[in-house]
Number of protein chains: 2
Amino acid sequence: MTAVVRRSLLDDLATSMLDLIADRKLAVGDQFESVRSLAERFQVAVPTVREALRRLEAIGALELRHGSGVYVGPNVGRMVLANPLPLKPTAGRLVELLQARALIEPPVAALAAKARVESALAQMEHDLVQAAELITSGDHDRLAEINMDFHRALAQAAGNATLAEVVESVTVVNVREQLEILHIHGDRETDLAEHRAILAAVRAGDHVLAEQLTRAHLDGVLAVINARVNP
Amino acid sequence: MTAVVRRSLLDDLATSMLDLIADRKLAVGDQFESVRSLAERFQVAVPTVREALRRLEAIGALELRHGSGVYVGPNVGRMVLANPLPLKPTAGRLVELLQARALIEPPVAALAAKARVESALAQMEHDLVQAAELITSGDHDRLAEINMDFHRALAQAAGNATLAEVVESVTVVNVREQLEILHIHGDRETDLAEHRAILAAVRAGDHVLAEQLTRAHLDGVLAVINARVNP
DNA sequence: CGCATGAATTGATCTGATCACTTGGTCATT
DNA sequence: AATGACCAAGTGATCAGATCAATTCATGCG
């Protein structure tokens with residue numbers, strides 16, 4: 001049996017649009033075509049085009065800006081995504097998430113110490129400066145964001161886009177919940193110091209130390225969370 | 001200013017629908033409401049409901065089956081997804097993907113040797129039997145699928161849903177391309193033998209060996225690919 | 001120059017209808 | 001009783017055209 005794949009009109013539309021983007025070599029942020037012109041181009045009705053656009057928008061391949069137009073989104077060409085509409089994770093799910101990070105990020109840090117992509121290192125520096133300011137100013141919400149960004153930048157320093165996507169996906173998840181974690185963890189100064197040590201190790205190209213420090217950092221957080229969840 | 005997050009009607013609709021699913025404790029595969037009844041429930045027009053449904057469908061949280069109804073999809077509640085509409089990856093991107101797998105999967109195998117989730121181990125056994133049959137029957141397409149499934153099952157054996165999602169996301173990517181890889185790699189018997197050794201190590205609870213075998217397995221594939229891409 | 005203003009463009013949503021697929025039941029045939 | 005053909009209701013898919021709302025940018029006033 002040949003498993004007839006019945007491609008719906010919508011599947012065709014969505015892939016055709018991606019092909020259009022690829023053919024025109026559009027980059028992230030570039031304006032795409034208007035809904036009406038797409039409808040005419042593909043000879044389908046406006047609502048149909050919009051359904052296809054929504055599908056692409058859901059995965060971040062496109063953006064629809066009211067009154068402005070359709071634009072190429074940040075996730076076009078990505079392989080791994082964070083679910084943009086996750087259900088509220090349970091406490092256990094958050095522990096699993098941290099475990100996953102504690103497993104994945106240390107070897108990524110080791111790789112980063114070998115690759116040392118300069119732009120990412122600069123981003124990490126920048127994040128540390130920002131973090132220091134936010135600690136004194138007390139804006140814990142933005143601090144949590146910046147700390148997550150440090151981890152994302154660390155992954156980007158490894159020079160592997162797929163790894164960066166994976167790490168971003170597991171760090172993006174509900175900053176709300178991560179906030180709670182940070183509030184539990186609490187010791188923001190220690191966090192900052194550990195981040196600084198990690199960056200120094202990466203800068204020095206010491207992949208063993210970078211991996212070890214990253215593991216210690218995440219295991220520390222994990223231990224606190226675990227104690228909190230299973231008292 | 002009160003930071004009026006201008007949640008579009010669509011955002012509200014999509015999240016409301018997810019809330020409905022959560023409230024009713026619907027499981028994957030359960031039937032949801034019809035488009036028309038949803039339109040009436042939320043007091044919006046049908047095309048609007050459909051756009052929200054498309055968004056949820058795009059991430060696999062829902063499925064729309066023509067003539068039948070709307071059903072809960074397999075990805076509801078997931079945190080990490082594979083891009084369902086990826087662009088054609090370049091050769092370099094595929095190497096990166098393999099590198100990412102070679103970095104992530106070995107420690108996952110080690111964890112699997114500790115957790116040993118029985119259902120996943122059974123799945124791995126089943127995959128190996130299937131793979132042996134497909135090698136003799138010569139169905140290389142299905143063989144590639146089964147081999148990927150072995151790796152996914154291995155991740156599930158680790159008992160961490162997030163890790164399983166990550167590994168699935170990096171193994172789902174374009175079976176077409178992975179096929180090409182397998183054709184390059186070619187030595188299907190070796191693959192099978194290595195898979196068998198990995199499962200044995202996991203079964204035995206030898207996490208050091210499981211990690212080492214998995215690393216050797218993926219590094220072997222990676223080496224061949226690298227030689228092929230950079231001749 | 002700087003800022004209001006209004007027209008044009010574009011996305012957002014609605015209304016209502018028609019087509020196509022699935023499903024389950026009816027009913028004649030076997 | 002089992003089987004298969006057939007029909008009708010429910011449901012998603014698509015269409016057509018219209019109206020509302022946000023953005024953009026050229027225009028022109030102060």
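Letters A, B, ... mirror the listed sequences (proteins, then strands); counts begin at 1.
Within residues 23-44 of chain B, the residues that place at least one heavy atom under 4.0 Å from DNA chain D are, in residue-number order, B:Glu33, B:Ser34, B:Val35, B:Arg36. Shown for residues 56-73 of chain A: residues whose heavy atoms fall under 4.0 angstrom of DNA chain D, namely A:His66, A:Gly67, A:Ser68.
With hydrogens and angles ignored, the 3.5 Å screen pairs no side-chain donor or acceptor of A:Gln123 with any backbone N or O of A:Ala153. A donor-acceptor pair under 3.5 Å is absent between the side-chain atoms of B:Asn83 and the main chain of A:Val80, judged by distance alone.
When the P atom of C:dT15 is taken as reference, atom CZ of B:Arg50 falls 17 Å away, rounded to whole Å. Counting to the nearest Å, the C1' atom of D:dT14 and the CG atom of A:Asp11 are 15 Å from each other. Per the geometry, CD belonging to B:Glu51 stands 14 Å off C1' belonging to D:dA13, to the nearest Å.
Taking only side-chain atoms of B:Pro47, from C-beta outward, the nucleotide of D:dT14, C:dC14, C:dT13 with the closest atom is C:dC14. Relative to the side chain of A:Ala45, the nucleotides D:dC15, D:dA13, C:dT15 differ in distance, and D:dC15 lies closest.
Aromatic ring pairs are classed by plane angle as parallel below 30°, tilted from 30° to 60° and perpendicular above 60°; the pair B:His195 and B:His217 is perpendicular.
Contacts of A:Ala131 classified as side chain to side chain contact (heavy atoms under 4.5 Å, CB included), with partners at least two apart in sequence or in another chain: A:Leu143, A:Ile146, A:Asn147, A:Leu192.
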Distance-only donor-acceptor hits, side chain of residues 64-76 of chain A, under 3.5 Å, sequence neighbours excluded:
unit_1	atom_1	unit_2	atom_2	d
A:Arg65	NE	A:Glu63	OE1	3.4
A:Ser68	OG	A:Tyr71	OH	2.5
A:Asn75	ND2	A:Ile59	O	3.2

Can you give the donor-acceptor pairs under 3.5 Å from side chains of residues 16-29 of chain B to other protein atoms, not counting sequence neighbours?
unit_1	atom_1	unit_2	atom_2	d
B:Ser16	OG	B:Asp12	O	2.7
B:Arg24	NH1	B:Glu33	OE2	3.2
B:Arg24	NH2	B:Glu33	OE2	2.6

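Within 6.0 Å of atom CD in B:Glu40, 12 or fewer heavy atoms from other residues, nucleotides or ligands are found, so the atom counts as exposed in its surroundings.
Residue pairs meeting the salt bridge (charged side-chain N to carboxylate O under 4.0 Å, His left out) criterion with at least one partner in residues 68-85 of chain A, sequence neighbours excluded, are A:Arg78-A:Glu168.
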